[in-house]
Amino acid sequence: MLTRIFRKMAEIRYFEEAMAKAQDRIKCPVYLSSGQESIAATFSEIYPNHRVFPQHRGHSWYLAYGGSPEALRDEILGLETGCCRGMGGSSDIGCEKVEAHHGLLGENIPLGVGYCFGSGQPTLITFGDSALEEDYSLPAVGFAVTHKLPVLFVCEDNGLAILTPIESRRSWKLTDVMKSFGMTVCDIQDNPNEIIDCLNHQFFNIKTYRHKWHVGFGNDGKPEGDRLAYMRNLIFNAETIEKEAKDKMEALWGV
Ligand SMILES: Cc1ncc(C[n+]2csc(CCOP(=O)(O)OP(=O)(O)O)c2C)c(N)n1
Ligand SMILES: [Mg+2]
C-alpha cells in the first residue's frame with residue numbers, strides 16, 4: 001500500500017511541477033497541493049469509496065480519487081473539455097468521487113454533512129486549518145455527531161490561512177473542540193503510517209507543509225518538511241516511480 005501511496009504522491013507533485021513549466025498558458029489563480037500530497041494519497045487508498053468534499057486546495061484530492069489528469073489540465077486552461085467545462089479553474093474541481101468546491105471557505109462542511117444525511121453514503125470532508133473558524137461550519141460538525149453520520153473530517157493543517165498563522169487567529173485548538181463534541185480525535189503528522197494507525201478516528205488534524213504561496217507558483221525557500229522526499233528513502237524503486245510520474249505529467253502538459 002505504501003508504494004501505491006508514494007506513486008500517487010509523485011503524480012500529484014509532478015502534475016504541479018509540469019504545470020509550473022506551462023504557467024504562461026494559465027490564466028486563472030492556482031492553489032497548489034505541493035507538500036501536502038500524502039494526505040489525499042493515503043485516504044484514497046484506505047477509503048476509496050467515500051464521497052469527498054475538499055476545499056480550494058484540491059488538486060491532490062481530485063487526482064488521488066481518480067479524477068482524469070487531462071480533464072484537470074483542461075479545466076485549469078479554461079477549456080470546455082475541463083472537468084467543470086473550464087468554468088471552475090484550479091479551485092473548483094470535481095469528478096465522480098469528488099464534489100467541486102465553490103469558493104466560500106468552509107462551505108464544503110455543511111454541504112458534505114447534508115449530502116451524508118440525505119444519502120447515508122460514507123463521506124469524507126477535508127479542509128484547511130481555518131475552515132472551522134467560519135460560523136456555519138462548527139454547527140454542521142455538531143449535527144453530524146448528533147445524528148451519528150458516517151462522516152470523516154480531515155484537517156490539512158499547514159498552520160496558515162493565506163499568510164496568517166494559527167496563533168494570531170485563535171486561542172483555541174481544533175482538536176479540543178472536536179473532543180468536546182464527543183468525537184474520536186487524532187493530532188498527527190502527514191506520515192502515511194501515522195494516518196493508517198489512526199484509521200478508526202472521526203477527526204484527523206494532520207500537520208503538513210505548504211511548499212508554495214497560498215496562490216500561485218512562488219515559494220519562500222526550502223520548506224520545513226517534505227513528505228515525498230522523506231518517503232523516497234523508504235520505498236523500493238522510488239527513483240523509477242518518480243521518473244515515470246515526471247515523464248507522464250510532462251507529456252500531459254507538453255513541457
Ligand atoms: C468565507 C470566506 N472567507 C474568506 C475567504 C478567503 N480565503 C480563501 S482561502 C483562505 C484561507 C484558507 O486557509 P486554510 O483553510 O487553512 O486553507 P489553506 O489555504 O491553508 O489550504 C481565505 C481566508 C473565502 N474564500 N471565503
Ligand atoms: Mg491552512
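Note that ligands are numbered from 1 as they come in the structure, with each ligand's atoms numbered from 1 the same way.
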Which ligand 1 atoms are under 4.0 Å away from a heavy-atom of N158?
18 (P), 20 (O), 21 (O)

Considering only heavy atoms of L160, which atoms of ligand 1 have at least one such atom less than 4.0 Å away?
13 (O), 14 (P), 16 (O), 20 (O)

Only one of I195, T126, N205 passes side chain to side chain contact (heavy atoms under 4.5 Å, CB included) with V154, and that residue is T126

Is a donor on one side and an acceptor on the other found under 3.5 Å between the side chain of R227 and the backbone of E37?
no

Report the nearest protein non-hydrogen atom to atom 3 (N) of ligand 1: residue, atom name, distance rounded to 0.1 Å.
E134 OE2, 3.6 Å

Taking 2.8 Å as the cut-off, does an N/O/S atom of L160 lie below it from the Mg ion (ligand 2)?
yes

Proximal atoms of ligand 1 relative to A131 (non-hydrogen, under 4.0 Å):
15 (O)

Atom 21 (O) of ligand 1: closest protein heavy atom, distance to 0.1 Å, is R57 NE, 2.8 Å

Run the side-chain contact (heavy atoms from CB on, under 4.5 Å) test on E156 and I206 for me, step by step, so that the C-alpha distance in whole Å, both residues' side-chain angles and the decisive distance to 0.1 Å come before the verdict.
CA-CA 5 Å; E156 295 190 282; I206 307 182; over 6 Å; no

What protein heavy atom sits nearest atom 15 (O) of ligand 1, and how far off is it?
S130 OG, 2.8 Å

Is the closest protein non-hydrogen atom to atom 6 (C) of ligand 1 under 4.0 Å?
no

Tell me whether the rings of F43 and W61 are parallel (<30°), tilted (30 to 60°) or perpendicular (>60°).
tilted

For the pair F15 and H59, name the ring-plane relationship: parallel under 30°, tilted 30 to 60°, perpendicular over 60°.
perpendicular

Taking the ring of H56 and the ring of H214, is the distance between their centroids below 6.0 Å?
yes

Give the atoms of ligand 1, by number and element, whose distance to some non-hydrogen atom of Y136 is under 4.0 Å.
1 (C)

Do any N/O/S atoms of N158 come under 2.8 Å of the Mg ion (ligand 2)?
yes

At under 4.0 Å between heavy atoms, is it the side chain or the backbone of L105 that contacts ligand 1, or both, or neither?
both

Side chains of V255 and R25: closer than 4.5 Å at any heavy-atom pair?
yes

Identity and separation of the nearest protein heavy atom to atom 8 (C) of ligand 1
H214 NE2, 4.3 Å

Verify whether the ring centers belonging to F53 and F127 lie closer than 6.0 Å.
no

dist H102:NE2 -> C84:SG (nearest 0.5 Å) comes out at 8.5 Å

Test of understanding: given a 4.0 Å heavy-atom threshold, classify the contact between E156 and ligand 1 as side chain, backbone, both, or neither.
neither

In the structure I gave you, are the side-chain heavy atoms of V177 and L132 within less than 4.5 Å of one another anywhere?
no

Looking only at the aromatic ring of each residue, does the gap between the centers of F117 and F143 stay below 6.0 angstrom?
yes

Shortest-distance N/O/S atom, D129 versus the Mg ion (ligand 2):
OD1

Identify, for atom 25 (N) of ligand 1, the protein heavy atom at the shortest distance, and state residue, atom and that distance.
G103 O, 2.8 Å

Check ligand 1 against A161 and write out every atom of the ligand that is under 4.0 Å from a heavy-atom position of the residue.
11 (C), 13 (O)

Are Q55 and ligand 1 in contact, using a heavy-atom cut-off of under 4.0 Å?
yes

